[in-house]
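What follows is a single structure, written as structure tokens, with notes after it.
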Amino acid sequence: MTIGYTSAHKKWLRLLLGILLLTVLFTNGCRSEKTGDDKAVIEINGEGILAPAKVSLEQMKGMEAGLVEADFFSLNSYGTREYTAFKGVWLWHLLQETVQLKTDATQVTIVAEDGYQVTYTLEEVQRKDYLDEQNPDSTYPMIIAWEQAGQAFDPDQGNPFQLVIGQREPGDVNKPYWVRHIITLEVK
Ligand SMILES: Nc1nc2c(c(=O)[nH]1)N[C@H]1C(S)=C(S)[C@@H](COP(=O)(O)O)O[C@H]1N2
Ligand SMILES: [Mo]
């Protein structure tokens, strides 16, 4: 009587270990594709720029001169008024840092994963005087945010970027413009 494995058993064991190893490698590979700042990117394309580009969350965080941290006021169509703290980068600054605009470019469409989209003229993107009807002295730029109330957006919920903008005038229902899970900026 010996203790151990027959050679047939060893073959099966090697096969099982092989499958296990492949499974671990494969699932880890998929996981690291979904998480990590380097995979959170926004694509910038369209005929209004010289060449398409991609901008990552890491790159955006490094755009010091364009960073914005503020409590943004929102009004939705039901009349709900709220303040939400966001951290992000001025969209105009982001465009300046990443692409070359053609002289005849006029607009930017902010597109989400679900197809929801909002279009602004370049002039509107540049404005820094969006307002909060309850705080007449404060003005805000249009930003792409990656953090809400001190928490980074969860990449498992969707691409972790959101457009945030104040009101154009008192009473402006601005919440619908807060495009979640942005994937593309299309410049025309
Ligand atoms: N990607 C995406 N973003 C979106 C929408 C949407 O359908 N898809 N709806 C918008 C509308 S109409 C409103 S009122 C707000 C709702 O945000 P809330 O669910 O946080 O209130 O999200 C805006 N952002
Ligand atoms: Mo809405």
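Note: hydrogens, waters and symmetry copies are ignored here, and every other heavy atom, side chains too, is used. Keep in mind it's a predicted model, so treat the numbers as computed, not measured. Just follow the structure's listing: the first ligand is 1, and inside any ligand the first atom is 1.
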### Query
Would you say the side-chain atoms of N76 pair up with the backbone N or O of G79, donor to acceptor, closer than 3.5 Å?
yes
### Task
Give the atoms of ligand 1, by number and element, whose distance to some non-hydrogen atom of A112 is under 4.0 Å.
1 (N)
### Heavy-atom donor-acceptor pair, Q151 side chain to Q148 backbone, under 3.5 Å
no
### Task
I would like to know whether M60 and W146 meet side-chain contact (heavy atoms from CB on, under 4.5 Å); could you show each step before the answer?
CA-CA 9 Å; M60 287 186 223; W146 51 80; 3.6 Å; yes
#### Entry: Heavy-atom nearest neighbour in the protein, as seen from atom 20 (O) of ligand 1, with distance rounded to 0.1 Å
R180 NH1, 3.2 Å
### Query
Roughly how far, to the nearest 0.5 Å, is CG of L122 from OG1 of T106?
6.5 Å
### Query
Looking only at heavy atoms of H181, does any of them come nearer than 4.0 Å to an atom of ligand 1?
no
### Summary
Which of T98, I144, T184, I183 passes side chain to side chain contact (heavy atoms under 4.5 Å, CB included) with I42? It is I144
### Message
Once you restrict to heavy atoms under 4.0 Å, what part of P176 touches ligand 1? Side chain, backbone, both or neither.
### Response
both
### Task
Give yes or no for whether the N/O distance cutoff of 3.5 Å, strictly under, is met between N76 and ligand 1.
no
### Task
Could you name each residue pair satisfying salt bridge (Lys or Arg N to Asp or Glu O under 4.0 Å) that touches residues 92-121, not counting sequence neighbours?
none
### Query
To which protein heavy atom is atom 21 (O) of ligand 1 closest, and what is the distance rounded to 0.1 Å?
K175 NZ, 2.9 Å
### Query
Should the ring pair Y140 and F72 be called parallel, tilted or perpendicular, given that the plane angle runs from 0 to 90° and is split at 30 and 60?
tilted
### Summary
min-distance protein heavy atom vs atom 8 (N) of ligand 1 -> D114 OD2, 2.7 Å
### Query
Looking only at non-hydrogen atoms, which of W178, Y78, Y177 approaches atom 24 (N) of ligand 1 most closely?
W178
#### Entry: Part of Y116 with heavy atoms under 4.0 Å of ligand 1, whether side chain, backbone, both or neither
side chain
